[in-house]
Trainee: 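Sharing a structure here in structure tokens format.
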Amino acid sequence: MSNADEQAGPAVTGSVAHRVPDLGALELLLAVARLGSLGGAARELGITQPAASSRIRSMERQLGVALVDRSPRGSRLTDAGALVTDWARRIVEAAEAFDVGAQALRDRRDSRLRVAASMTIAEYLLPGWLLALRAQRPDTAVSLHAGNSTVVAERLLSDEADLGFVEGLSVPAGLDSAVIAHDRLIVVTAPGHAWARRRRSLAAEELATTPLILREKGSGTRQVLDAALGGLARPLIELSSTTAVKAAVVSGAGPAVLSELAVGEELAMRRLVSVPVEGVALARDLRAVWPTGHRPTGPARDLLSLTRG
């Protein structure tokens with residue numbers, strides 16, 4: 001080994017985080033330099049004087065040099081301490097700039113919320129949740145895209161939405177989920193339809209073989225109905241929204257299976273009639289969804305919390 005190698009000493013290994021004091025210790029050193037008192041620095045930072053002394057000693061052991069001379073008249077930086085303080089000031093200033101930048105990113109994130117939701121949830125549940133969110137976050141601009149469950153998944157996976165809501169049987173691939181509510185599908189007809197005058201419940205087989213007014217393929221309502229009945233007859237009419245399906249049923253075009261959430265007013269006003277069905281369970285879970293591994297944050301997290309309330 002050469003003399004140069006001997007003078008260089010052992011190689012420095014490991015993460016720099018283990019060799020550099022943490023920000024709290026550096027802020028304490030800066031306060032001692034500014035105030036000339038370890039006790040005053042401790043009070044300014046909201047810690048006890050013994051805790052401040054312990055932190056300074058720990059930093060001295062970590063760096064291998066004395067930083068502060070303590071005396072009854074106060075605390076004075078050593079020559080090494082003055083040099084370390086200059087370096088510490090630059091590190092703390094950089095950390096403050098980092099914090100300002102991170103806050104700007106959070107402010108930008110919190111300034112908007114993009115929601116994608118399947119039709120039933122968008123029309124009958126989300127308005128109340130969004131009103132509650134507005135009370136909590138009046139400065140957050142919310143945009144809502146309503147579509148079927150397939151569209152909701154596509155928007156989340158292409159980063160066109162921050163949070164989604166679906167009502168199908170399963171969670172689309174690439175998404176995590178949480179059940180936020182439960183729903184029941186019911187058969188409805190216009191009062192003049194023959195099923196409205198039935199004295200017996202409708203059999204599941206008859207429902208499955210009857211042409212119905214249906215939502216388009218990809219809708220959660222249609223997925224649940226198809227799976228529950230083991231298949232459906234060719235649609236009488238195929239429409240792209242719950243509102244359109246309801247209007248068609250009210251007009252007497254034929255029967256449909258819709259969310260109980262969507263037809264409460266029409267049933268109460270006798271514009272629609274509920275037809276009981278036996279031999280099949282038409283219940284479903286309503287879910288919040290988001291890209292796998294990316295738990296909602298900011299306004300999306302707050303909205304998710306409100307749905308569970």
Trainee: For the side chain of T78 and the backbone of A66, is there at least one donor-acceptor N/O pair under 3.5 Å apart?
Mentor: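 Side chain of T78 to backbone of A66: a pair is present.
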Trainee: Using a 3.5 Å distance criterion without hydrogens, assess whether the side chain of E60 forms a donor-acceptor pair with backbone atoms of L67.
Mentor: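 The answer is yes, because a donor-acceptor pair under 3.5 Å joins these two groups.
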Trainee: Quick one: do V273 and I186 end up in the same hydrophobic cluster if we chain Ile, Leu, Val, Met, Phe, Trp and Tyr together by side-chain heavy atoms under 4.5 Å apart?
Mentor: no
Trainee: Are R55 and E27 ion-paired here, with the side-chain N under 4.0 Å from a carboxylate O?
Mentor: no
Trainee: Taking T292 for the side chain and L175 for the main chain, is one N or O donor matched with an acceptor at less than 3.5 Å?
Mentor: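 Yes: the side chain of T292 pairs with the backbone of L175.
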Trainee: Any side-chain heavy atom of H182 sitting closer than 4.5 Å to one from V179?
Mentor: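 Yes, close enough: below the 4.5 Å cut-off.
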Trainee: Under a 4.5 Å cut-off applied to non-hydrogen side-chain atoms, are N148 and K217 in contact?
Mentor: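 No, every pair of side-chain atoms sits at 4.5 Å or beyond.
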Trainee: Given 3.5 Å as the limit, does a donor-acceptor pair link the side chain of R70 with the main chain of V68, or not?
Mentor: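 Such a contact is found between R70 side chain and V68 backbone.
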Trainee: Supply the atom-to-atom distance W129 CH2 to L303 CG, rounded to the nearest 0.5 angstrom.
Mentor: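 If we round to the nearest 0.5 Å, W129:CH2 and L303:CG are 7.5 Å apart.
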Trainee: So do L202 and T210 actually touch side chain to side chain, heavy atoms under 4.5 Å?
Mentor: no
Trainee: Are the side chains of Q136 and L306 in touch, meaning some heavy atoms are under 4.5 Å apart?
Mentor: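 Sidechains of L306 and Q136: in contact.
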Trainee: Hey, are T243 and E123 close enough side-chain-wise for a donor-acceptor pair under 3.5 Å?
Mentor: yes
Trainee: Is any side-chain heavy atom of L207 less than 4.5 Å from a side-chain heavy atom of V275?
Mentor: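 L207 does not reach V275 side chain to side chain.
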Trainee: Strictly below 4.0 Å, N to O, side chains only: are R200 and E206 in salt-bridge contact?
Mentor: no
Trainee: Is there a donor-acceptor contact under 3.5 Å from the side chain of R287 to the main chain of G164?
Mentor: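 No, because the side chain of R287 does not come within donor-acceptor range (under 3.5 Å) of the backbone of G164.
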Trainee: If we ignore hydrogens and angles and just use 3.5 Å, is the side chain of Q49 paired with the main-chain N or O of R43 as donor and acceptor?
Mentor: no
Trainee: Are the side chains of D162 and H294 in contact, using a 4.5 Å heavy-atom criterion?
Mentor: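 They are not in contact (no side-chain heavy atoms under 4.5 Å apart), so the answer is no.
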Trainee: Strictly distance-based, threshold 3.5 Å: is any side-chain N or O of T85 a donor or acceptor partner for the main-chain N or O of G81?
Mentor: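 Yes; judged by distance alone, with no hydrogens or angles, the pair exists.
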Trainee: Quick check: do P235 and R222 have side-chain heavy atoms less than 4.5 Å from each other?
Mentor: yes
Trainee: A quick test of your reading: do over 12 heavy atoms of other residues, nucleotides or ligands sit less than 6.0 Å from CZ of R134?
Mentor: no
Trainee: L126 and side-chain contact (heavy atoms from CB on, under 4.5 Å): which single residue from L133, L144, V142 fits?
Mentor: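 Answer to the side-chain contact (heavy atoms from CB on, under 4.5 Å) test with L126 among L133, L144, V142: L144.
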Trainee: State, yes or no, whether a side-chain contact exists between L212 and L236 at a heavy-atom distance under 4.5 Å.
Mentor: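 No; the side chains remain at least 4.5 Å from each other.
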Trainee: Indicate yes or no for a side-chain donor-acceptor contact from S305 to the backbone of R301 under 3.5 Å, with no hydrogens or angles considered.
Mentor: no
Trainee: Hydrophobic clusters here meaning ILVMFWY residues chained together by side-chain heavy-atom distances under 4.5 Å, can you tell me if L157 and L163 are in one?
Mentor: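 Different clusters: L157 never reaches L163 through Ile, Leu, Val, Met, Phe, Trp or Tyr contacts under 4.5 Å.
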Trainee: For D86, is the CG atom crowded, meaning more than 12 foreign heavy atoms sit under 6.0 Å from it?
Mentor: yes
